[in-house]
Amino acid sequence: MKKELEIKVPTNWSAVTLTQYLNLKRDLDVYGDDEVAYTATLLYHLCGVTTDLIPKLPTDTLNSIKQDLRGFMGDNDYELKRIIKINGKEYGFEPNLSTMSYGAYLDITKWETITIDKNWNKIMSVLYRPIKSKALGMYEIEEYDSKKSVFEIFNSVGMDVHFGAMFFFLHTLTELVNDILNSLKEVELPPSQRQTLVKNGQLIKQLYNYQEMISPSSLLSLGNP
């Protein structure tokens, strides 16, 4: 008697968690140049199909799965979701990045780059915090406290949320940094003070690494699914 194999194929990034994405990106960096290995890696991390089962799949089924994956993997259009729900609890995105607490700023900028990597869940725990109250379309979130931060919960959040937050966060901070730099041009500062500002401007350095971010389309460039 033949056993039926149920394969769940994601059709958008909301069905792919941060953990899945990071594991996928890690393996594609190694096997992406080999088309067969590329396909096997996609099916394993996104559909749960092990390598021993792939040869047993009908050709039309395999092509259909590859087509479905190709349909959303290059999608770069993600908007910020200001309110998300994790394990039944609502979290709100930092309402005003320009007034973000210094402690929160330090915990984000201590990383060498701001990108979706093993540290991204920690950045998300700074940007999204539990909602205290909501009224008239507005909300208030808890004050940032690194000791209370539970970053692991963001590992199970869909990548549509992560991509939306990353793009919005970096675009906004790029504008803020540009405004600050333009303002400094009009202010005469002692050389020592100006040097200190440049030395401590780690955020500027990180934002200039923007082009090195992991984006959905970069996965497609690693191989041909």
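Count residues from 1 along the sequence.
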Q) Given the rule in the side chain to side chain contact (heavy atoms under 4.5 Å, CB included) test, do L28 and L42 qualify, once you have shown the distances and angles that lead to the verdict? A) CA-CA 8 Å; L28 286 183; L42 287 183; 4.3 Å; yes
Which heavy atom of [X] sits nearest to which heavy atom of [Y], and what is that distance?
X	Y	answer
S156	T17	O-CG2, 3.6 Å
A40	T51	CB-CG2, 4.2 Å
M159	L18	SD-CA, 3.6 Å
C47	I65	SG-CG2, 4.1 Å
K118	K122	O-NZ, 3.7 Å

Short question: side chain of [X], backbone of [Y] - any donor-acceptor pair under 3.5 Å?
X	Y	answer
H162	F154	yes
T109	Y105	yes
Q20	H45	yes
S64	T61	no

Using 0.5 Å steps for rounding, measure from the [atom1] atom of [X] to the [atom2] atom of [Y].
X	Y	atom1	atom2	result
Y128	E94	OH	CD	11.5 Å
I84	Y91	CD1	OH	8.5 Å
N119	K110	CG	NZ	8.5 Å
K25	T41	NZ	OG1	12.5 Å
L106	S146	CG	OG	10.0 Å
R82	I141	CZ	CD1	10.5 Å

Under 4.5 Å between side-chain heavy atoms, counting indirect links through other Ile/Leu/Val/Met/Phe/Trp/Tyr residues: same cluster for [X] and [Y] or not?
X	Y	answer
F151	M166	no
L62	I7	yes
L53	V36	no
L127	M138	no
Y44	L22	no

[Y] versus [X], side-chain donor and acceptor atoms under 3.5 Å:
X	Y	result
T115	D117	no
Y78	W13	yes
D107	Y144	yes

| field | Intermediate values then yes/no, side chain to side chain contact (heavy atoms under 4.5 Å, CB included), D160 and N12 | value | CA-CA 8 Å; D160 59 326; N12 54 63; over 6 Å; no
- State yes or no: are the ring centers of F163 and Y21 separated by less than 6.0 Å?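 Yes.
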**Asked** Looking at the rings of F169 and F93, which for Trp means the six-membered one, are their centres under 6.0 Å apart?
**Response**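 Ring centres of F93 and F169 not closer than 6.0 Å.
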query: Mind checking what makes side-chain hydrogen bond (donor to acceptor under 3.5 Å, both in side chains) contact with K148, not counting sequence neighbours?
result: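 With neighbours one apart ignored, the set is empty.
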By side-chain hydrogen bond (donor to acceptor under 3.5 Å, both in side chains), N23 pairs with (sequence neighbours left out) R26
**Carboxylate-amine/guanidinium proximity below 4.0 Å for R129 and E143** =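 Salt bridge: no.
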Next item on the list: Start with the C-alpha gap between T99 and N96, add the side-chain angles, then the distance that decides, and say whether side chain to side chain contact (heavy atoms under 4.5 Å, CB included) holds.
Entry: CA-CA 6 Å; T99 60; N96 193 337; 3.3 Å; yes
Check: T11 and L69 side chains under 4.5 Å, non-hydrogen atoms: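 In short, these two side chains do not touch, never coming nearer than 4.5 Å.
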Subject >> Flag if over 12 foreign heavy atoms under 6.0 Å of CZ, F168 >> reply: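 Count over threshold, so yes.
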Pi-cation contact, Y139 with K134 (under 6.0 Å, within 45°) =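 That pair does not qualify as a cation-pi contact.
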Item to check | Partners passing salt bridge (Lys or Arg N to Asp or Glu O under 4.0 Å) against E142 (at least two apart in sequence or in another chain) | outcome: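 Partners of E142 by the salt bridge (Lys or Arg N to Asp or Glu O under 4.0 Å) criterion come out as none, since no residue qualifies.
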